[in-house]
Amino acid sequence: RYVDTGHLVYVQSDGTLLAVPFDLDELEVVGAPVPLVEGIVMQGGGAARFAASRNGTLVYASGSGNGQLMLVDRRGVAEPLTTQPGEFETPRFSPEGDQIAVTREGATRDVWIYQIEQGNLRRLTFQGDNRYPIWRQDGERVAFTSTRDSSISDLFWVPADGTGEPELLFGRELDLRAGSWSADGRTLVVRQQERRGALSDLSMLQVNGQRSLTRLTVTPYDEASPQLSPDGRWLAYVSDETGQDEVYVRAFPDLGPKILISNDGGTEPVWGPEGHELFYRAADRFFAVAIEPEPEFQVGPPTLLFEGAFTHWRWHANYDVHPDGDHFVMVRRPEGTSDALTVVLNWSEELRRGVQPQ
């Protein structure tokens, strides 16, 4: 990013912020880069958590980008699944609960399969930027979002055992993110954007026969993290229509009245295996809500299960519930990483004088 001190500032993959003199008229670098700050959080796709304002203020988040896959019980007691940390996102249990599909970041983002009993990771994608894996209910295929053919996020799927190549499931001049399969494997609910940075809506993709995409929501708000109930009759999702994220449930696919699930904020809804429980996150707090779908949909009060330093993700649940209903796969927050931000005032003046900010 260019700052008006006459520098380009950028972050290396190790989290070091550097500044290099830059000539705007000639559009070329005119000096050597100088390191300024270490330990800036790097997120998926190379995004660095820092910003510099026009009035000379720098703000950044500190910590490692690496986390660890953890198996967590209902009391919050966690044990590691993987022996080595990595940049993991949006893990999903297979229908049998013996494998986990997960996004892992290296030189690119890719979908990997973690085999729990063997304790090993098997790579499933090898081209483009791939994320948001979800298992089809038969366990034979994994759908995911990929930019392999363009800068647009299209939907692909691939045999879960790695015996075949990924195939285009659906592509259009839209950004589509895989969300949740129906129980019969015929419908995929997705998050849709008309363009990068636009508000998100929800759509459903019919994958049998002539594939078609049908818009479910068209609102001036962000809708995200769609999750279908095990029986396919209810759709849980997140909306910011009140000014903060809350979890809602609506009948599917006709989308009846909205039923508020969370209390004072909530994201990342995930259904329990029998459909009688809905889990969600509010920052580091993890809640369970009792659901009685028959004969009339009824919702109990949110019950706090535990608090923990596990990474969360607004757009898609960054955890999943095991088929036993009593365990979860989560990504433990890297040590030294928090939601706190460091603000450096008069940073641009220090940069002009060649003084390294502290």
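In this chain, residues are counted from 1 in sequence order.
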side-chain contact (heavy atoms from CB on, under 4.5 Å) with L199: which of D222, T219, V218?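 That would be D222.
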For [Y], does its backbone N or O pair with a side-chain atom of [X] as donor and acceptor, under 3.5 Å?
| X | Y | value |
| --- | --- | --- |
| N318 | T311 | yes |
| D23 | E26 | yes |
| D240 | G243 | no |
| D201 | Q192 | no |
| R332 | G308 | no |
| W271 | Q227 | yes |
| S200 | A224 | no |
| T125 | D110 | no |

Checklist entry - So, do F328 and F310 have ring centers that fall under 6.0 Å from each other? => result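 Here the rings of F310 and F328 have centres that are no less than 6.0 Å from each other.
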Side-chain heavy atoms nearer than 4.5 Å, only ILVMFWY residues, links allowed to pass through others: does that put [X] and [Y] together?
| X | Y | answer |
| --- | --- | --- |
| L228 | V249 | no |
| W181 | L155 | yes |
| V190 | L202 | no |

Find the distance between [atom1] ([X]) and [atom2] ([Y]) and round it off to the nearest 0.5 Å.
| X | Y | atom1 | atom2 | value |
| --- | --- | --- | --- | --- |
| E79 | L71 | CD | CG | 5.0 Å |
| F170 | L176 | CZ | CG | 7.0 Å |
| I113 | Q115 | CD1 | CD | 8.0 Å |
| L235 | S180 | CG | OG | 7.5 Å |
| I291 | F297 | CD1 | CZ | 4.0 Å |
| D324 | R74 | CG | CZ | 9.5 Å |

[Y] side chain reached by [X] side chain, heavy atoms, under 4.5 Å:
| X | Y | value |
| --- | --- | --- |
| S225 | P269 | yes |
| E292 | H276 | yes |
| D245 | Y280 | no |
| L121 | F88 | yes |
| L124 | F144 | no |
| W157 | E167 | yes |

Counting neighbours of [atom1] on [X] that are heavy atoms of other residues, nucleotides or ligands and sit closer than 6.0 Å, is the number greater than 12?
| X | atom1 | value |
| --- | --- | --- |
| R215 | CZ | yes |
| R314 | CZ | yes |
| E274 | CD | no |
| E96 | CD | no |
| E38 | CD | no |
| E165 | CD | no |
| E117 | CD | no |

Charged N-O contact under 4.0 Å between R92 and D320: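 So R92 does not pair with D320 through a salt bridge.
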R191 to Y237 six-membered ring, cation-pi geometry met (6.0 Å, 45°):
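Here R191 fails the 6.0 Å and 45° test against Y237.
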What are the two closest heavy atoms between [X] and [Y], and how far apart are they?
| X | Y | answer |
| --- | --- | --- |
| H312 | D284 | CD2-OD1, 4.1 Å |
| G119 | Y114 | CA-OH, 3.4 Å |
| F279 | G325 | CZ-O, 4.4 Å |
| T342 | S62 | OG1-OG, 4.2 Å |
| T147 | S153 | CG2-OG, 3.7 Å |
| W234 | P293 | NE1-CB, 4.0 Å |

Candidate pair I134 and Y132, rule side chain to side chain contact (heavy atoms under 4.5 Å, CB included), full reasoning: CA-CA 7 Å; I134 53 172; Y132 306 135; over 6 Å; no
Exercise. Using the six-membered ring wherever Trp is involved, compare the ring planes of F93 and H322 and label them parallel, tilted or perpendicular (cut-offs 30° and 60°).
Key: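 Aromatic pair F93/H322 classed perpendicular.
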### Query
In terms of ring plane angle, is the pair Y319 and F286 parallel, tilted or perpendicular, where the classes change at 30° and 60°?
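Y319 vs F286 ring planes: perpendicular.
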Begin from the C-alpha positions of R177 and D175 and carry the test side chain to side chain contact (heavy atoms under 4.5 Å, CB included) through to its verdict.
CA-CA 7 Å; R177 274 81 169 185; D175 274 311; 2.9 Å; yes
Note to self: Could you work out, with side-chain contact (heavy atoms from CB on, under 4.5 Å) as the rule, every residue matching Q206, not counting sequence neighbours?
What the structure shows: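 Checked Q206 against side-chain contact (heavy atoms from CB on, under 4.5 Å); matches are T187, M204, S212.
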**Request:** Sequence neighbours left out, what passes side-chain contact (heavy atoms from CB on, under 4.5 Å) with T57? Give chain and number order.
**Result:**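 Result, side-chain contact (heavy atoms from CB on, under 4.5 Å) vs T57: S53, N55, V343, L345.
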Query raised in the report: Run the side chain to side chain contact (heavy atoms under 4.5 Å, CB included) check on W347 and V9 step by step: do they pass?
Result: CA-CA 12 Å; W347 172 72; V9 292; 3.8 Å; yes
For residues 254-267, which side-chain N or O atoms pair as donor and acceptor with protein atoms under 3.5 Å away, sequence neighbours left out?
{"residue": "S262", "atom": "OG", "partner": "E246", "partner atom": "OE1", "Å": "2.4"}
{"residue": "S262", "atom": "OG", "partner": "V247", "partner atom": "N", "Å": "2.9"}

